[in-house]
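One structure below.
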Amino acid sequence: MKIGVFDSGIGGLSVLKSLYEANFFDEIIYYGDTARVPYGVKDKDTIIKFCLEALDFFKKFQIDMLIIACNTASAYALDILRQNANIPIYGVIDAGVEATKKALKCKDEKILVIATKATIQSQEYQKRLSEQGFTQIKALATGLFVPMVEEGIFEGEFLQSAMKYYFEKFQTPDALILACTHFPFLMKSLSDYFGQNTKLIHSGDAIVDFLKEKEKLIYKKDKALLHFYASSDVQSLKNTAKIWLNLQG
């Protein structure tokens with residue numbers, strides 16, 4: 001099976017890592033719209049326009065499935081993308097909600113959703129979690145984390161200051177939903193900040209579990225072939241992918 005993975009930048013590499021390590025696919029094509037990252041500060045119509053252009057990009061590869069590894073794109077464009085394609089298209093929000101349901105035993109446990117401004121404003125996570133019966137949901141736009149990840153800042157004093165700025169007024173949550181695919185790059189720092197009792201919900205791991213159930217995927221012995229494309233500076237994307245996925249050569 002050949003699949004496509006789309007993100008606004010390098011953040012979707014966190015999802016790609018999980019998909020690659022799961023060994024379900026023969027070939028994976030990753031496209032990052034690095035020239036126009038971040039999507040999280042843009043309006044709905046612009047996000048949809050960019051996503052439709054990405055869909056057109058993938059058509060020449062004749063992929064069997066497309067993964068939208070961007071929460072903002074999943075929130076605003078998933079339905080329209082499905083209407084314009086004849087292949088299965090999955091976003092990360094449904095997977096994140098399912099993973100939260102499995103991680104938390106009680107509906108009154110505290111959930112904090114962190115994401116871009118656009119994802120938070122879409123209310124998609126808040127609405128879907130409420131529909132599942134969760135009662136203590138807070139959502140916070142933490143947009144500064146996106147350029148930090150794009151710049152390779154995964155730890156240190158600068159990040160610590162940003163986390164204190166965002167989180168000092170919040171109680172420690174039982175679950176922290178990383179509702180932007182850039183944020184798993186910060187998992188160690190976030191885990192250190194909140195402590196071991198906070199469960200971190202990671203879009204990459206969530207989408208793998210989700211796809212296993214939806215598509216009945218079969219484990220393959222050989223690793224998938226990987227191809228990387230970007231709307232700007234593809235070499236930088238490849239360099240980050242090599243480090244993050246621990247690729248040789």
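These values consider heavy atoms only, across backbone and side chains, with no hydrogens, waters or symmetry-generated copies.
Between the side chain of Asn71 and the backbone N or O of Ala179, at least one donor-acceptor pair lies under 3.5 Å. Panel note: side chain Lys117, backbone Gly143; no donor-acceptor pair is recorded below 3.5 Å. Lys107 places a side-chain N or O within donor-acceptor distance of the main-chain N or O of Gln132, the cut-off being under 3.5 Å. Ser74 places a side-chain N or O within 3.5 Å of a backbone atom of Val92 that can act as its donor or acceptor partner. Between the side chain of Asn23 and the backbone N or O of Lys220 there is at least one donor-acceptor pair closer than 3.5 Å. A donor-acceptor pair under 3.5 Å links the side-chain atoms of Glu150 to the main chain of Ile10, judged by distance alone. With hydrogens and angles disregarded, no donor-acceptor distance shorter than 3.5 Å links the side chain of Ser191 to the backbone of Lys188. Put simply, the side chain of Ser14 gets close to the backbone of Thr181: a donor and an acceptor are under 3.5 Å apart. Judged by distance alone, with hydrogens and angles left aside, the side-chain atoms of Lys42 form a donor-acceptor pair with the main-chain N or O of Arg36 at under 3.5 Å. Looking at Ser231, its side chain does come within 3.5 Å of a backbone N or O of Thr34 through a donor-acceptor pair.
Counting all heavy atoms, side chain and backbone alike, Ile89 lies closest to Leu81 at CD1-O, 3.6 Å. Closest heavy-atom contact between Phe61 and Lys2: O-NZ, 2.9 Å. For Ala99 against Ala206, the heavy-atom pair with the smallest separation is CB-CB, 3.7 Å. Among all heavy-atom pairs drawn from Phe58 and Gly4, the shortest one is CE2-CA, 3.6 Å. Smallest separation of non-hydrogen atoms from Lys199 and Ala103: CE-O, 3.2 Å. Closest non-hydrogen pair, Ile47 versus Ala118, comes out as CD1-CB, 4.3 Å.
Residues satisfying the salt bridge (charged side-chain N to carboxylate O under 4.0 Å, His left out) criterion with Lys102, sequence neighbours excluded, are Glu213.
The shortest distance between side-chain heavy atoms of Glu124 and Thr119 does not fall below 4.5 Å. When side chains are defined from C-beta on, Leu19 counts as touching Val208, because their heavy atoms get closer than 4.5 Å. Counting heavy atoms from C-beta on, the side chains of Val5 and Phe25 never come closer than 4.5 Å. Proximity of Tyr76 to Gln121: side-chain heavy atoms (C-beta onward) are separated by under 4.5 Å at one or more points. Between Leu200 and Leu176 there is a side-chain heavy-atom pair separated by less than 4.5 Å. With a 4.5 Å cut-off on side-chain heavy atoms, Trp244 and Leu16 do not count as touching. No side-chain heavy atom of Asp26 sits less than 4.5 Å from a side-chain heavy atom of Leu225. Side chains of Cys51 and Ile80 form no contact here, defined as non-hydrogen atoms less than 4.5 Å apart.
Using a cut-off of 4.0 Å between Lys/Arg side-chain N and Asp/Glu carboxylate O, Glu131 and Lys127 are scored as not salt-bridged. Classification of Asp45 and Lys49 as a salt-bridged pair fails, no side-chain N sitting under 4.0 Å from a carboxylate O. With salt bridges taken as basic N to acidic carboxylate O contacts below 4.0 Å, none links Lys214 and Glu98.
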**Item:** Step-by-step side chain to side chain contact (heavy atoms under 4.5 Å, CB included) determination, Lys212 to Phe24
**Value:** CA-CA 9 Å; Lys212 277 195 288 189; Phe24 289 132; 3.3 Å; yes
**Request:** Check step by step if side chain to side chain contact (heavy atoms under 4.5 Å, CB included) holds for Leu245 and Tyr20.
**Result:** CA-CA 8 Å; Leu245 277 69; Tyr20 179 66; 4.1 Å; yes
Checking side chain to side chain contact (heavy atoms under 4.5 Å, CB included) for the pair Ser130/Ile137: CA distance, chi angles, key distance, verdict? CA-CA 8 Å; Ser130 293; Ile137 308 159; 3.5 Å; yes
Run the side chain to side chain contact (heavy atoms under 4.5 Å, CB included) test on Asp33 and Glu53 for me, step by step, so that the C-alpha distance in whole Å, both residues' side-chain angles and the decisive distance to 0.1 Å come before the verdict.
CA-CA 10 Å; Asp33 193 5; Glu53 290 173 1; 5.9 Å; no
*asked:* Using the rule given for side chain to side chain donor-acceptor pair (under 3.5 Å), can you reason through Thr135 versus Asp108, listing the C-alpha separation, both sets of side-chain angles and the distance that settles it, and then say yes or no?
replied: CA-CA 5 Å; Thr135 59; Asp108 60 353; 6.0 Å; no
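The number of heavy atoms from other shown groups lying within 6.0 Å of CD (Gln235) is above 12. For Lys44, the NZ atom is loosely surrounded, since the number of other residues' heavy atoms within 6.0 Å does not exceed 12. Few gaps surround CG on Asp43; more than 12 heavy atoms of other groups in view lie less than 6.0 Å from it. Around the CZ atom of Phe170, the shell of radius 6.0 Å holds more than 12 heavy atoms that belong to other residues, nucleotides or ligands.
When the side chains of ILVMFWY residues are joined at heavy-atom separations under 4.5 Å, either directly or via intervening members, Val41 and Phe50 end up in two distinct hydrophobic clusters. In the hydrophobic cluster analysis, where Ile, Leu, Val, Met, Phe, Trp and Tyr join through side-chain heavy atoms closer than 4.5 angstrom, Leu55 is grouped apart from Ile3. When hydrophobic clusters are built by joining Ile, Leu, Val, Met, Phe, Trp and Tyr residues whose side-chain heavy atoms come closer than 4.5 Å, directly or via intermediates, Phe154 is grouped together with Ile114. With hydrophobic clusters built from ILVMFWY side chains whose heavy atoms lie under 4.5 angstrom apart, Leu78 does not share a cluster with Val15. No continuous path of ILVMFWY side-chain contacts below 4.5 Å connects Ile120 to Phe145, so the two sit in separate hydrophobic clusters.
To the nearest 0.5 Å, the span separating SG on Cys106 from CD on Gln136 amounts to 11.0 Å. Atom-to-atom distance recorded for Leu66:CG and Lys59:NZ is 11.5 Å, nearest 0.5 angstrom. Taken to the nearest 0.5 Å, the OH atom of Tyr30 stands 12.0 Å off from the CG atom of Leu226. From Phe167, atom CZ reaches atom CG of Leu112 across 6.0 Å, with rounding to the nearest 0.5 Å. For the atom pair Ile177 CD1 and Tyr125 OH, the distance stands at 6.5 Å (nearest 0.5 Å). Rounding to the nearest 0.5 Å gives a distance of 10.5 Å between OG1 of Thr198 and CD of Glu109.
Checking Val37, Leu13, Thr116 one by one against His182, the side chain to side chain contact (heavy atoms under 4.5 Å, CB included) holds for a single residue, Val37.
Residue pairs meeting the side-chain hydrogen bond (donor to acceptor under 3.5 Å, both in side chains) criterion with at least one partner in residues 77-96, sequence neighbours excluded, are Tyr90-Glu215, Asp94-Arg128. Screening residues 153-176 for side-chain hydrogen bond (donor to acceptor under 3.5 Å, both in side chains) gives no qualifying pairs among residues at least two apart or on separate chains.
The aromatic rings of Tyr31 and Phe6 lie parallel to each other, their planes meeting at an angle below 30°, with 60° marking the opposite boundary. The aromatic rings of Tyr229 and Phe57 sit perpendicular, their planes meeting at an angle over 60°, well past the 30° parallel limit.
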